Amino acid sequence: MTTRVIIVDDQAMVRAGFAALLAAQSDIDVVGEAPDGAQGVELSRRTHPDVVLMDVRMPEMDGLEAARRLLSPPPGVTHRPRVLMLTTFDVDDYVYEALRAGASGFLLKDAPPADLIAAVRVVASGDALLAPSVTRRLIADFAQQRPAARGKPALRLKGLTERETEVLTLVARGRSNSEIAQTLVLAEQTVKTHVSRVLTKLDLRDRAQAVVFAYESGLVAPGE
């Protein structure tokens, strides 16, 4: 199955480089490019890509606002692509907000080509790009700057079983399914089932939102 991708970045050279790299893969089809968020949203609505590579800082409309519009579309618009943010260390706060909006993760612009290809495949498969330790550190840092949520987010945790709460805690700490399985002495398929149930019960899109929710609800504290 071919993954349809669009690239949204205000630098033409970046777009061209990413497009050439991804188009060379037999399972990836680059169906369009856009120089800013507004045109990226319009292009996505027209081409229905599986994954949108979205730069954070762009003129006219930045990647954060574009991600919000793609992931929370107006009535009548049903297509919601996976959004993979492209960033540098100096825009970390934007990345955190993008994850809250539903982006499936982020990738540093100077990442090796193999990492970009792998990231597109991971996000297209429905998972979140949260493996790098820098991602976990980013979320923890910004969660620390915000007090733990009170009220609805914390109350939603009560709908989880004890095992599901344990799994969510480990997901928030950046553990993979295999690592969670080893820690809790479970089969990896059982862990996948628990993760799926957690996402369904909490009405979360993927692991990225699960991590943010765990910090904001107070289930996990930065530095633990």
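Treat the numbers as computed from the prediction; the structure is a model and nothing was measured.
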Check: Thinking salt bridges, do R68 and E65 make one under a 4.0 Å N-O criterion?
Finding: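 Yes.
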Margin query: I'd like to know if D55 pairs up with K109 as an ion pair, taking the criterion as any Lys NZ or Arg NE/NH1/NH2 lying under 4.0 Å from an Asp or Glu carboxylate oxygen.
Written below: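 Yes, this pair counts.
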Note to self: When you measure from the side chain of D29 to the backbone of V31, do you find a donor-acceptor pair of N or O atoms at a distance under 3.5 Å?
What the structure shows: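 Absent.
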Next item on the list: State whether the side chain of S196 and the backbone N or O of K192 hold a donor-acceptor pair below 3.5 Å, judged by distance alone.
Entry: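 Checked: no pair found.
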Between [X] and [Y], is any pair of side-chain heavy atoms under 4.5 Å apart?
X    : Y    : value
L157 : F213 : yes
P49  : H79  : yes
P73  : R80  : yes
V171 : V211 : yes
D27  : T3   : no

Next item on the list: Could you give me the CA-CA distance, side-chain angles and deciding distance for L184 and R163, then say whether side chain to side chain contact (heavy atoms under 4.5 Å, CB included) is met?
Entry: CA-CA 9 Å; L184 299 180; R163 180 63 84 190; 3.7 Å; yes
What distance do [X] atom [atom1] and [Y] atom [atom2] have between them, rounded to the nearest 0.5 Å?
X    : Y    : atom1 : atom2 : value
R82  : D50  : CZ    : CG    : 10.0 Å
L53  : L86  : CG    : CG    : 5.0 Å
M85  : L64  : CE    : CG    : 6.5 Å
Y215 : R173 : OH    : CZ    : 8.0 Å
L43  : H48  : CG    : NE2   : 10.5 Å
K201 : E164 : NZ    : CD    : 3.5 Å

Item checked: Neighbour count >12 (heavy atoms, 6.0 Å) for atom CD, Q182 ->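 Atom CD in Q182 is not crowded, with 12 or fewer foreign heavy atoms closer than 6.0 Å.
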Checklist line | Audit row: R45, R69, side chain to side chain contact (heavy atoms under 4.5 Å, CB included) steps and yes/no | finding: CA-CA 10 Å; R45 299 258 167 85; R69 295 193 183 191; 4.2 Å; yes
